[in-house]
Amino acid sequence: MIASLARLLIPALGLVATALPALAQGIDIQPSSVEIPAEPGERYRQMLTVTNLSDEMSRDLTVGLADWTLSRQGALVLSPEGTDERSATGWTRITPAYLPLAPGQSGKVIVDIIVPAKPAAAGDYKLALMASEVAPGADGRMQKTEGASLFYLTVQPAMSAPEVSGVRVAGTASAPRLEVDLTNSGNAHARLEGKIRIEGRDGTGQTYPVTNLVVLDASDRTFSISLDGPLPQDARVTVTLDDISAPQARTGVAPLRTYSAPLDAPTG
């Protein structure tokens with residue numbers, strides 16, 4: 001039996017955060033993120049569209065798999081397939097392995113995943129579908145161009161457990177930025193959206209949206225926002241977020257505990 005994929009996500013370019021940092025200009029893969037509530041023994045197929053964004057250059061793309069994670073600051077970190085203990089690359093086959101594309105042309109890649117009947121553990125498993133080319137650049141030097149689509153496979157029983165662990169102001173008094181620390185003690189990733197409100201004693205302030213912020217399972221994440229000018233007097237911050245990818249929630253949405261605390265302006 002081939003099961004359908006429950007959620008396909010194209011990360012939005014929110015003000016605060018985006019799930020997939022850009023790798024390089026020139027190759028686009030859609031969907032760029034796929035979330036699968038995976039059942040043991042089930043088979044899943046997903047078709048991806050790979051596009052050569054160049055109007056002038058043909059590309060001879062090699063298609064393969066990699067493991068991936070995010071740094072604390074949200075940067076994409078790739079590693080060879082099978083190196084992560086929660087890698088799903090061993091469950092996965094791709095077709096084709098080679099994809100030549102003329103300028104502006106798109107091609108299809110099929111990702112075929114068979115979840116083991118008895119996975120080693122519940123929770124998140126991940127893989128990245130990579131399309132890449134190494135070719136001479138304009139200066140004659142060899143350069144690598146690549147794109148990625150990130151897969152999350154979540155095996156039940158799974159739970160995301162994100163929370164805001166701290167907020168501080170950094171930068172200078174004339175150019176402050178807000179740094180927000182989050183932690184996720186669950187075995188499944190969280191995908192957060194909501195808002196951050198900074199308000200002074202007189203009720204004036206600014207609201208900043210949070211869009212598509214991923215905190216991986218059993219990990220910490222810090223993200224920052226450039227603030228619109230100095231802090232108001234006696235400033236207080238309130239962070240209100242929902243996890244819109246919570247596997248433990250019947251609706252898939254679970255609110256985080258609201259974080260509220262006073263803010264001190266930077267002295268630099």
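Numbering of residues begins at 1 and proceeds along the displayed sequence.
In this structure, the side chain of Asn187 does not engage the main chain of Ala158 through any donor-acceptor pair within 3.5 Å. Although no hydrogens or angles enter the test, the distance criterion places no donor-acceptor pair under 3.5 Å between the side chain of Thr51 and the main chain of Leu53. In terms of modelled atom types and a separation under 3.5 Å, the side chain of Thr89 and the main chain of Gly82 share a donor-acceptor contact. In this structure a side-chain-to-backbone donor-acceptor pair under 3.5 Å is missing from Arg177 to Leu227.
Distance CD1/Ile29 to CD/Glu146: 9.0 Å, rounded to 0.5 Å. From Thr238, atom OG1 reaches atom CG of Leu263 across 9.0 Å, with rounding to the nearest 0.5 Å. Note that OG of Ser149 and CD of Gln46 are 7.5 Å apart. Values are rounded to the nearest 0.5 Å. Rounding to the nearest 0.5 Å places CG of Asn184 at 9.5 Å from CE of Met159. To the nearest 0.5 Å, atom CG of residue Leu213 and atom CZ of residue Phe223 are 5.0 Å apart. Atoms CZ and OG1, from Arg59 and Thr62 in turn, are 12.5 Å apart once rounded to the nearest 0.5 Å.
A donor-acceptor contact closer than 3.5 angstrom is absent between the side chains of Ser87 and Lys126. Counted by atom type alone, His189 and Asp217 present zero donor-acceptor pairs between their side chains at under 3.5 Å. For the residue pair Ser160/Asp243, the side-chain donor-acceptor check at 3.5 Å is satisfied. Judged purely by distance below 3.5 Å, without hydrogens or angles, the side chains of Asp202 and Thr204 pair a donor atom with an acceptor atom. Side chain to side chain, Ser245 and Glu35 meet the donor-acceptor criterion of an N or O pair below 3.5 Å. Of the N and O atoms on the side chains of Thr207 and Arg197, at least one donor lies less than 3.5 Å from an acceptor on the other residue.
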Evaluation steps, side chain to side chain donor-acceptor pair (under 3.5 Å), between Arg72 and Thr222: CA-CA 6 Å; Arg72 184 174 184 120; Thr222 297; 2.8 Å; yes
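Under the ring-ring contact (aromatic ring centres under 6.0 Å, His included) rule, Trp91 has a single partner from Phe151, Tyr125, Tyr44, which is Tyr125. Just one of Asp60, Leu101, Leu99 meets the side-chain contact (heavy atoms from CB on, under 4.5 Å) condition when paired with Glu133; it is Asp60.
The pair Arg168-Asp181 meets the salt-bridge criterion, since a charged nitrogen lies less than 4.0 angstrom from a carboxylate oxygen. For Glu193 and Arg191, the salt-bridge test fails: no basic side-chain N is under 4.0 Å from an acidic carboxylate O. In summary, Arg43 and Asp112 engage in a salt bridge, as defined by a charged side-chain N under 4.0 Å from a carboxylate O.
Both Val169 and Val210 are assigned to one and the same hydrophobic cluster, defined by single-linkage of ILVMFWY side chains at heavy-atom distances under 4.5 Å. When hydrophobic clusters are built by joining Ile, Leu, Val, Met, Phe, Trp and Tyr residues whose side-chain heavy atoms come closer than 4.5 Å, directly or via intermediates, Met130 is grouped together with Leu70.
Contact annotation: the side chain of Leu256 never approaches that of Val239 to less than 4.5 Å [non-hydrogen atoms, C-beta and beyond]. Put simply, the side chain of Leu241 does not reach to within 4.5 Å of the side chain of Pro255, judged on heavy atoms. The shortest distance between side-chain heavy atoms of Ile110 and Ile94 does not fall below 4.5 Å. Taking the side chain as every heavy atom from C-beta outward, Ser219 and Val215 approach each other to under 4.5 Å. Side-chain contact check for Leu153 versus Asp124: every heavy-atom pair is 4.5 Å or farther apart. Taking the side chain as every heavy atom from C-beta outward, Leu192 and Asp242 never approach each other to under 4.5 Å. Side-chain atoms of Pro31 and Leu48, non-hydrogen and from C-beta on, do get closer than 4.5 Å to each other. Looking at heavy atoms from C-beta onward, Gln156 lies out of side-chain contact with Pro40 at the 4.5 angstrom threshold.
More than 12 heavy atoms of other residues, nucleotides or ligands sit less than 6.0 Å from atom CG of Asp228.
Annotation: Trp68 is in aromatic contact with Tyr152 [ring centroid separation under 6.0 Å].
Of all heavy-atom pairs spanning Thr83 and Asp67, the tightest one is N-OD2, 2.8 Å.
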